[in-house]
Visitor: 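Just dropping this structure here.
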Amino acid sequence: MFNLILFGPPGSGKGTQSEKLIAKYRLKHLSTGDLLRSEIAAQTPLGLEAKNFMDKGQLVPDEVVIGMISTALDANQDAEGFLFDGFPRTEAQAEALDKLLKLKKTSIHLMLALDVSEDELISRLLNRGKTSGRSDDTNETVIRARIAEYHKKTSTVADYYNKFDKVRHVKGEGPIEDIFSALCKEIDKKKG
Ligand code: AP5
């Protein structure tokens with residue numbers, strides 16, 4: 001089993017690169033953003049609660065996302081490995097993920113962190129907001145709140161995995177294919 005975290009601020013290309021990585025390495029893609037948007041679309045109580053936070057660019061409470069990931073792990077017992085996208089986003093989530101994976105006798109093998117400048121993030125998200133229908137992409141204030149939330153609560157999650165020498169940084173700007181190649185290089189090095 002090979003478990004990967006794709007890490008980076010909003011708009012850094014996690015979703016874009018995840019699609020390519022799961023196809024190449026046959027990983028199960030677990031994106032908490034996508035799971036939350038499905039709950040919102042289905043108008044579940046969890047979705048309605050989460051929407052209040054997401055529309056303001058704030059993180060959804062830890063217990064909500066940890067519960068969702070736990071359910072998703074149980075529902076994919078046969079997976080050859082997982083790609084976590086947008087999770088963990090706090091140290092509490094990282095600790096909870098470690099415990100959940102330990103129960104399955106596995107762990108995180110690698111965190112790949114995409115580095116992208118703030119100007120580029122804002123321009124990508126405003127651009128996507130023209131067509132995505134995502135309420136958190138449509139105005140710059142919310143986009144800046146998402147980035148601020150990342151610096152305040154999420155960026156330190158890389159320090160958590162760095163203690164175990166599991167973090168590799170990759171430049172997240174430039175052609176999508178070049179970034180994909182750089183990510184694959186790091187995975188192949190780790191897999192040996
Ligand atoms: P989530 O859905 O995870 O969104 P995000 O982290 O804000 O990331 P995005 O999906 O906006 O960006 P991305 O890095 O995936 O980039 P993408 O490939 O799409 O979270 C949304 C909300 O849900 C959070 O704010 C929070 O409220 C809640 N949430 C989710 N997980 C949570 C958790 N664990 N705990 C608590 N709350 C949680 O690319 C962006 C754009 O750039 C696209 O248009 C793409 O085409 C373009 N692009 C990609 N690569 C390139 C490139 N190389 N060059 C030019 N353009 C590019």
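Since the structure is predicted, the reported quantities are computational estimates derived from the model, not experimental observations. Whatever order the structure lists them in is the order used to number ligands and atoms, beginning at 1.
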Visitor: Return the protein residues near ligand 1 (heavy atom under 4.0 Å from any of its atoms), ordered by chain and residue number.
Guide: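 Lining ligand 1: Pro9, Pro10, Gly11, Ser12, Gly13, Lys14, Gly15, Thr16, Thr32, Gly33, Leu36, Arg37, Met54, Gln58, Leu59, Val60, Val65, Gly86, Phe87, Arg89, Gln93, Arg124, Leu125, Arg128, Arg134, Asp136, Arg146, Gly174, Ile176, Ile179.
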Visitor: Quick test of your reading of the model: are Arg128 and Asp136 salt-bridged, counting only N-O distances below 4.0 Å?
Guide: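 No, no charged N to carboxylate O under 4.0 Å.
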Visitor: Apply the side-chain hydrogen bond (donor to acceptor under 3.5 Å, both in side chains) test between Glu149 and each candidate in Arg146, His151, Lys153; give the one that qualifies.
Guide: Lys153
Visitor: Fit a plane to each ring of Phe164 and Tyr160, take the angle between them on a 0 to 90° scale, and name the class: parallel (under 30°), tilted (30 to 60°) or perpendicular (over 60°).
Guide: perpendicular
Visitor: Answer whether the closest heavy-atom distance between the side chains of Gln93 and Ile69 falls below 4.5 Å.
Guide: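 No - every pair of side-chain heavy atoms lies 4.5 Å or more apart.
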Visitor: Could you check whether any side-chain heavy atom of Ser12 comes within less than 4.5 Å of a side-chain heavy atom of Leu121, counting everything from C-beta outward?
Guide: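 Heavy-atom side-chain distance check passes, below 4.5 Å.
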Visitor: Could you tabulate the donor-acceptor pairs under 3.5 Å formed by side-chain atoms of residues 176-192, not counting sequence neighbours?
Guide:
{"unit_1": "Glu177", "atom_1": "OE2", "unit_2": "Lys20", "atom_2": "NZ", "d": "2.6"}
{"unit_1": "Ser181", "atom_1": "OG", "unit_2": "Glu177", "atom_2": "O", "d": "3.1"}
{"unit_1": "Asp188", "atom_1": "OD1", "unit_2": "Tyr25", "atom_2": "OH", "d": "2.8"}

